[in-house]
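What follows is one structure encoded as structure tokens, with my remarks underneath.
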Amino acid sequence: MKKLLLALPLLLLGSSMSYAQIVSVPTTTLNLTVGAESAIIVGSTPGFSTSTAFAAYNTSTPFTYYIRTSGSGAGAITVKFTGDWSGTAGPKIVGPPTAGDYLSYVNTVSLPGSAGAAGNVTALNNAYSVASFASGAASAIGGNTGSVAWSLVNDPNYAQGSYNITATFTISAS
Amino acid sequence: MTNVLKTAPLLALALLLTASTAHAQYGDTGTTTVSVTIGPQAGLTITNSSTPLTAGGSNFNLFSGSTGLTYFVRTTTTGGGGSITLKVTSDFSPSGGPSVASPLTPADALSYTCIVASPGTACTGTQTASTSSQTNLASFGTNVHTTSSGSTASVDWTLANDPSYRTGTYNATITFTISAS
């Protein structure tokens, strides 16, 4: 009985210390999965201008791209035209006034991109290569830049007026 | 032998009566002093032992995630205090991805904000996690107590989605420490 009475205070003390047992392993693991991603910001395109009479109209579209490709992946930037020039008597991709009235382009892309070959826009809804990216490519955190220089034949057959066309840029990564 | 059998029950009864009488010799009541010493204590549990960092919305959005915890604390009545801190005890691995110790750019730091229920006081503003030092999550004043079910806190993590990170899965371990005095 005496031993029991002596043990009682110890038991009570033990219960007051039981909060320490609440502590579990106080760690957490941050899990992060990084996948292939890409994004592009296309800047505004100034109106076409020409330096001399009937010289080609020229302008340029700048862009900033962000990309991360996987170790076995790749990436690309393309541009396409889903609709033709506005108006009826001006430049046309399909059925121009004169054969050879092309809208042509020249690509410039900073690393890690590789510029696509220059060419002529001859069809709607065709994805023309602007840049390509190899596996394991990564842009800077602030992005990298590129541009497409456009040139349009200044055909005297174009009626006076203003004409517009929308170019759609697409970037992809795998 | 017959006499032994007859007298045995009587003898047993006599012994029992004697034993009960013996107790009476200690008195009808007894006292003891029960004492307990309550000291400052602290403990915590992590709600989610694994914290996924995900990037929602458009490409290259920030990675973010949240770690919840329940804490228990008692600080002394005068001059006491306490804190919850955290430290990156294992940096992101494998290599090629984010790094707390050696981020690719200053913008690639692992940062966090704190949400702490009373009686704790949350860290102020955005903190930068470290592999070399403890960084603050919460602080406690003197003579504060949680309830027996504890109080909650959470850490909201943010990590830049640097295109330079190689694709893959990366893990880092965060260790939380709570103290009270």
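By convention in this document, chain letters (A, B, ...) are assigned in the order of the sequence lines, proteins followed by strands, and residues within each chain are numbered from 1. Please read all numbers here as calculations on a predicted model, not as lab measurements.
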Next item on the list: Report yes or no: do A:Tyr105 and A:Tyr57 belong to one cluster of Ile/Leu/Val/Met/Phe/Trp/Tyr joined by side chain heavy-atom distances under 4.5 Å?
Entry: yes
Next item on the list: Could you tell me which portion of B:Leu104 (side chain, backbone, both or neither) has an atom closer than 4.5 angstrom to a non-hydrogen atom of chain A?
Entry: neither
Check: Does atom NZ of A:Lys92 have more than 12 heavy-atom neighbours, drawn from other residues, nucleotides or ligands, at distances under 6.0 Å?
Finding: yes
Item checked: Heavy-atom neighbours of A:Tyr102 OH exceed 12 at 6.0 Å -> no
Margin query: Please report the interatomic distance OG1(B:Thr51) to CG(A:Asn31), rounded to the nearest 0.5 Å.
Written below: 7.0 Å
Checklist line | side-chain contact (heavy atoms from CB on, under 4.5 Å) evaluation trace for A:Val34 with B:Tyr170 | finding: CA-CA 8 Å; A:Val34 176; B:Tyr170 303 90; 3.8 Å; yes
Notebook entry, point to check: Non-hydrogen atoms of chain B under 4.5 Å away: do they reach the side chain of A:Ala140, the backbone, both or neither?
Noted result: backbone
Check: Is there side-chain contact between A:Leu32 and B:Pro98, with at least one heavy-atom pair below 4.5 Å?
Finding: yes
Item checked: Part of B:Ala160 lying under 4.5 Å from any heavy atom of chain A -> side chain
Item checked: Linked, directly or transitively: A:Val109 and A:Tyr66 (ILVMFWY side chains, under 4.5 Å) -> no
Notebook entry, point to check: Any side-chain donor-acceptor pair under 3.5 Å between B:Asn161 and A:Arg68?
Noted result: yes
Next item on the list: Could you grab the distance from atom CG of B:Asp162 to atom CD1 of A:Ile141, nearest 0.5 Å is fine?
Entry: 4.0 Å
Checklist line | Test item: B:Thr167 side-chain N/O and A:Gly35 main-chain N/O as donor-acceptor pair under 3.5 Å | finding: no
Item checked: Interface moiety of B:Phe176 toward chain A, non-hydrogen atoms closer than 4.5 Å -> both
Margin query: Can you tell me how far apart OG1 (A:Thr29) and CD1 (B:Ile46) are? Round to the nearest 0.5 Å.
Written below: 10.5 Å
Next item on the list: Select one option (side chain, backbone, both, neither) describing which atoms of B:Ser50 are under 4.5 Å from chain A's heavy atoms.
Entry: both
Next item on the list: Sort B:Thr105 into side chain, backbone, both or neither according to what part of it lies under 4.5 angstrom from a heavy atom of chain A.
Entry: side chain
Notebook entry, point to check: Does A:Tyr65 share a hydrophobic cluster with A:Ile41, counting links as ILVMFWY side-chain heavy atoms below 4.5 Å and allowing steps through other members?
Noted result: no
Next item on the list: For residues B:Ser164 and A:Ser139, report the shortest heavy-atom separation together with the two atoms involved.
Entry: OG-O, 3.5 Å
Check: Checking B:Leu69 against chain A: side chain, backbone, both or neither under 4.5 Å from a heavy atom?
Finding: neither
Check: Between B:Phe92 and chain A, which part of the residue has a heavy atom less than 4.5 Å away: side chain, backbone, both or neither?
Finding: side chain
Notebook entry, point to check: Would B:Trp157 and B:Ile84 show up in the same hydrophobic cluster when neighbours are defined by side-chain heavy atoms closer than 4.5 Å?
Noted result: yes
Notebook entry, point to check: Stepwise, does the side-chain contact (heavy atoms from CB on, under 4.5 Å) test hold for B:Leu110 with A:Leu30?
Noted result: CA-CA 11 Å; B:Leu110 175 64; A:Leu30 300 184; 3.7 Å; yes
Next item on the list: Could you tell me whether the side chain of A:Ser38 reaches within less than 4.5 Å of the side chain of B:Asn59, counting heavy atoms only?
Entry: yes
Margin query: Is it true that, when you exclude A:Phe48 itself, more than 12 heavy atoms of the residues, nucleotides or ligands shown sit nearer than 6.0 Å to its CZ?
Written below: yes
Next item on the list: Indicate, with yes or no, if A:Val94 and A:Ile165 share a hydrophobic cluster defined by side-chain heavy-atom contacts under 4.5 Å among Ile, Leu, Val, Met, Phe, Trp and Tyr.
Entry: yes
Checklist line | Donor-acceptor contact below 3.5 Å, side chain A:Glu37 vs main chain B:Phe60 | finding: yes
